[in-house]
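Following: one structure in structure tokens, then a few remarks.
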Amino acid sequence: MKYRSVAVDGPSGAGKSTISREVAGRLGFIYADTGALYRAVGLRFLETGSLGLGSLELSIRFVNGEQRVFDGGRDVTEEIRRHEVSKAASDCSALPEVRAFLLDRQRKLAEGYDVIMDGRDIGTVVLPEADLKIFLTASPEDRARRRFEQLERGYKIARSRGVEPDGGLCPPPPYGRILQDILSRDHNDTTREEAPLRPAPDAVFLDTTGNTFEQSAAIIEGLIRERLGL
Ligand code: DC
């Protein structure tokens, strides 16, 4: 049986993961978050000071349709979301050996499922034969604002529960710093030599600046239904 695949690429904070997860749920597809693999490599690097790709036993399992990431027997799904892991993942993702190491793992994810896969090079490198490619973006200011609101919501929820988010209960950084981080990650991701972030020539380009989450999700669901005849 041939499984269907949709590639969603774009810069940090464009809403790729929340929208892809939601739409995959509506369509009965698996949502595969490839940034999680880069994050797992980044976590290993932070903890051990070296990449150690030879001993890195990364695996992805889908539990009730939700992706979980394992390093050997250790479930690192939550830990890879820590703030410092984002920077380490971005640095490691520029290394050709890391990209080569993760390429087959990402392709395998699309072999056994109908999948919406998000990342930076899914339409250009990982799944060049995807049934539909979407390049999702928004202005840096919009992406920074959404990221700020998301962090603020997380902080308030954590405070009300007495839980410590992100290794310590700290308020989100100011909007200006988040915007600077976004611009610097954009620069890293688009200027690296290996598989830089750019739209595939046959991608549908979608700028979600000013959209609500629901508007963007509806547009993407519509695009997929139309292309795949669902
Ligand atoms: O989407 P994310 O923030 O979880 O991704 C973490 C880092 O991994 C990000 O800096 C870009 C990199 N990445 C990549 O280079 N290629 C992918 N397919 C996915 C993520």
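First listed ligand is number 1; within each ligand, the first listed atom is number 1.
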Atom indices of ligand 1 within 4.0 angstrom of [X] heavy atoms, with elements:
| X | value |
| --- | --- |
| G119 | 17 (C), 18 (N), 19 (C) |
| D189 | 10 (O), 11 (C) |
| S93 | 12 (C), 15 (O) |

Taking side chain as C-beta onward, heavy atoms only, is [X] less than 4.5 Å from [Y]?
| X | Y | value |
| --- | --- | --- |
| K16 | M117 | no |
| S90 | D189 | yes |
| I220 | L136 | yes |
| V76 | E47 | no |
| Y38 | R120 | no |

Note the single closest protein heavy atom to [atom], along with its residue, its atom name and the distance in Å.
| atom | answer |
| --- | --- |
| atom 19 (C) of ligand 1 | T34 OG1, 3.4 Å |
| atom 4 (O) of ligand 1 | R39 NE, 2.6 Å |
| atom 8 (O) of ligand 1 | Y38 CB, 3.4 Å |
| atom 3 (O) of ligand 1 | R185 NH2, 2.8 Å |
| atom 5 (O) of ligand 1 | G35 CA, 3.6 Å |
| atom 7 (C) of ligand 1 | A89 CB, 4.0 Å |

So, is the end of the R4 side chain (NZ or CZ) under 6.0 Å from the ring centre of F29 and within 45° of the ring's axis? no
Distance under 6.0 Å and angle within 45° of ring axis: R105 vs F101: yes
Determine, considering heavy atoms only, which of R81, K16, R120 sits nearest to atom 1 (O) of ligand 1. R120
Heavy-atom distances under 4.0 Å are what count here, so tell me which part of [X] touches ligand 1: side chain, backbone, both or neither.
| X | value |
| --- | --- |
| V126 | neither |
| S90 | both |
| R192 | side chain |
| R99 | side chain |

Has ligand 1 got any nitrogen or oxygen that is less than 3.5 angstrom from a nitrogen or oxygen of [X]?
| X | answer |
| --- | --- |
| D121 | yes |
| S12 | no |
| S86 | no |

Does E193 CD have over 12 foreign heavy atoms under 6.0 Å away? no
For the pair E141 and R145, evaluate salt bridge (Lys or Arg N to Asp or Glu O under 4.0 Å) and give the outcome as yes or no after the intermediate values. CA-CA 6 Å; E141 292 76 15; R145 184 183 47 75; over 6 Å; no
Show your reasoning for whether side chain to side chain donor-acceptor pair (under 3.5 Å) applies to T208 and R146. CA-CA 12 Å; T208 65; R146 287 183 207 159; 3.2 Å; yes
Is there a path from L230 to Y31 through hydrophobic residues (I, L, V, M, F, W, Y) whose side chains come within less than 4.5 Å of each other? no
